[in-house]
Structures are given as C-alpha cells and as structure tokens.
Amino acid sequence: MQRRKLVSQINVVPFIDVMLVLLIVFMIATPALRTGEIELPSVGQPLTATQSDPIEVTVKSDGALSLRDGNVTSREKLTRATVVTRVLELQKVKDRPVVIAADKNVKYDEVVGLLGALHAQGVKRVGLVAKEGG
C-alpha cells in the first residue's frame, strides 16, 4: 500500500468567498444605517452684539488699505504701519474688535502679513469678514 502524502497548504478560496459575500452585505447595509442625529442646545436669550462697532480694515484688490471707524472711512492710502498704529489708538479708548475685509483677489500673503503685524503690536480680537452664502 502506498501512503498518501499530507498537503500542508491552506485552501483560501472559501475564505475569499466568505469575505466577498460580507463585503457585498456591508456595502448594501451601510447607506441604510442612520448616523446619530444631534440636537444643538439653544440659548435662552439671543446673543447681543458688542456695544461698540468694530474697527474695519479693508484690503482692496490692488492692495490698498483703508480704515473705517464707525461711519468714518479714511480716504488716503494707508500703509500697514499706519493702520496698526491707528487701530492701537482706537482700541485704547474701548476694547473694540477689529475685522479685516479683504477683496477675494487679494493675495493670501497680504492678509496674513496684516494679521501678523496687528498681532505683533498686541492688537486683540481680530477677525475676518466673509460674505454669507455662495
């Protein structure tokens, strides 16, 4: 009688079949699963706006800077150092927020440079203005 040799190989075909079936089941079931919905907390009172209007620094598409304090807008072309100095003077009276409104065609570097200059001189509460919607 001849002895049979043992084959020491693993048959992976059934394993692959089971994995493909599971893959298909999960692909079909995943979109049907609902993700957890959260309910955001509501505020008892509406948030009040700051009592003082923000100081608005405008960066135009050509890189020109202007400063608006309430209803007064500077007409002359300002340098970055002049804007920072005037913002510091205006913030000394009241701790007013500062917003930067930049044209969408302005280089990112110019806006970041202005933010950095304001921050380096200790200007607090600086934000960016964006248009709502698309």
Side-chain angles (χ1 to χ4, degrees):
M1 251 173 85
Q2 195 164 2
R3 291 182 101 187
R4 274 186 148 177
K5 280 188 165 179
L6 291 174
V7 178
S8 61
Q9 293 179 348
I10 298 174
N11 190 1
V12 293
V13 174
F15 177 72
I16 292 173
D17 290 342
V18 169
M19 296 311 280
L20 287 174
V21 168
L22 286 174
L23 177 68
I24 292 170
V25 167
F26 285 126
M27 286 174 55
I28 292 172
T30 301
L33 294 175
R34 290 192 62 171
T35 59
E37 293 181 23
I38 61 168
E39 290 184 32
L40 296 175
S42 60
V43 179
Q45 304 173 20
L47 296 175
T48 57
T50 57
Q51 293 184 359
S52 58
D53 291 332
I55 303 164
E56 184 174 321
V57 179
T58 306
V59 184
K60 297 179 182 152
S61 58
D62 61 353
L65 298 171
S66 66
L67 187 68
R68 186 170 68 88
D69 174 26
N71 294 329
V72 181
T73 304
S74 63
R75 297 286 179 216
E76 72 270 11
K77 187 173 181 178
L78 303 172
T79 63
R80 187 181 296 170
T82 309
V83 167
V84 172
T85 305
R86 286 196 186 168
V87 166
L88 281 172
E89 291 170 2
L90 292 170
Q91 267 197 339
K92 283 182 184 175
V93 177
K94 295 180 187 176
D95 189 25
R96 295 170 59 187
V98 179
V99 294
I100 298 175
D103 189 271
K104 68 179 181 179
N105 296 322
V106 172
K107 288 185 181 180
Y108 180 71
D109 185 45
E110 292 181 35
V111 177
V112 171
L114 180 61
L115 276 170
L118 288 169
H119 180 69
Q121 294 300 317
V123 175
K124 304 286 186 224
R125 299 174 63 194
V126 180
L128 299 174
V129 176
K131 183 170 67 171
E132 285 187 27

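Along the sequence shown, residues are numbered consecutively beginning with 1.
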Practice task
Using a 4.5 Å cut-off on heavy atoms from C-beta on, say whether the side chain of Arg86 contacts that of Asp69.
Solution key: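 No. Closest side-chain heavy atoms not under 4.5 Å.
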[Y] reachable from [X] in the ILVMFWY side-chain graph, under 4.5 Å edges:
X: Val12; Y: Val21; answer: no
X: Leu115; Y: Val83; answer: yes
X: Ile24; Y: Met19; answer: no
X: Leu114; Y: Val129; answer: no
X: Val126; Y: Val99; answer: no

Practice task
Answer yes or no: is there a donor N or O on one side and an acceptor on the other, between the side chain of Arg125 and the main chain of Val98, under 3.5 Å?
Solution key: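 Absent.
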Handout entry: Backbone N/O of Lys124 and side chain of Gln91: donor-acceptor pair under 3.5 Å
Key =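 Looks like yes, one N/O pair under 3.5 Å.
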Exercise for the section: Applying side chain to side chain donor-acceptor pair (under 3.5 Å), name anything that partners Thr85, two or more places apart in sequence or on another chain. Expected result: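 By the side chain to side chain donor-acceptor pair (under 3.5 Å) rule, Thr85 matches no residue at all.
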Practice task
State, to 0.1 Å, how close Ala102 and Val111 come at their nearest heavy-atom pair, and which atoms those are.
Solution key: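 Looks like CB-CG2, 3.7 Å.
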Problem - Shortest non-hydrogen contact between Leu78 and Thr82, atoms and distance - result: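 Scanning both residues, the minimum pair turns out to be CD2-CG2, 4.0 Å.
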Exercise for the section: Working to the nearest 0.5 Å, report the span between CD1 of Ile16 and CG of Leu23. Expected result: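 Rounded to the nearest 0.5 Å, the CD1-CG separation comes out at 12.5 Å.
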Handout entry: Within 6.0 angstrom of Leu22 CG, more than 12 heavy atoms from elsewhere
Key =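 Yes, the 6.0 Å shell around CG holds more than 12 heavy atoms from other groups.
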For residues 55-62, which side-chain N or O atoms pair as donor and acceptor with protein atoms under 3.5 Å away, sequence neighbours left out?
unit_1	atom_1	unit_2	atom_2	d
Glu56	OE1	Arg68	NH2	2.7
Asp62	OD1	Ala64	N	3.1

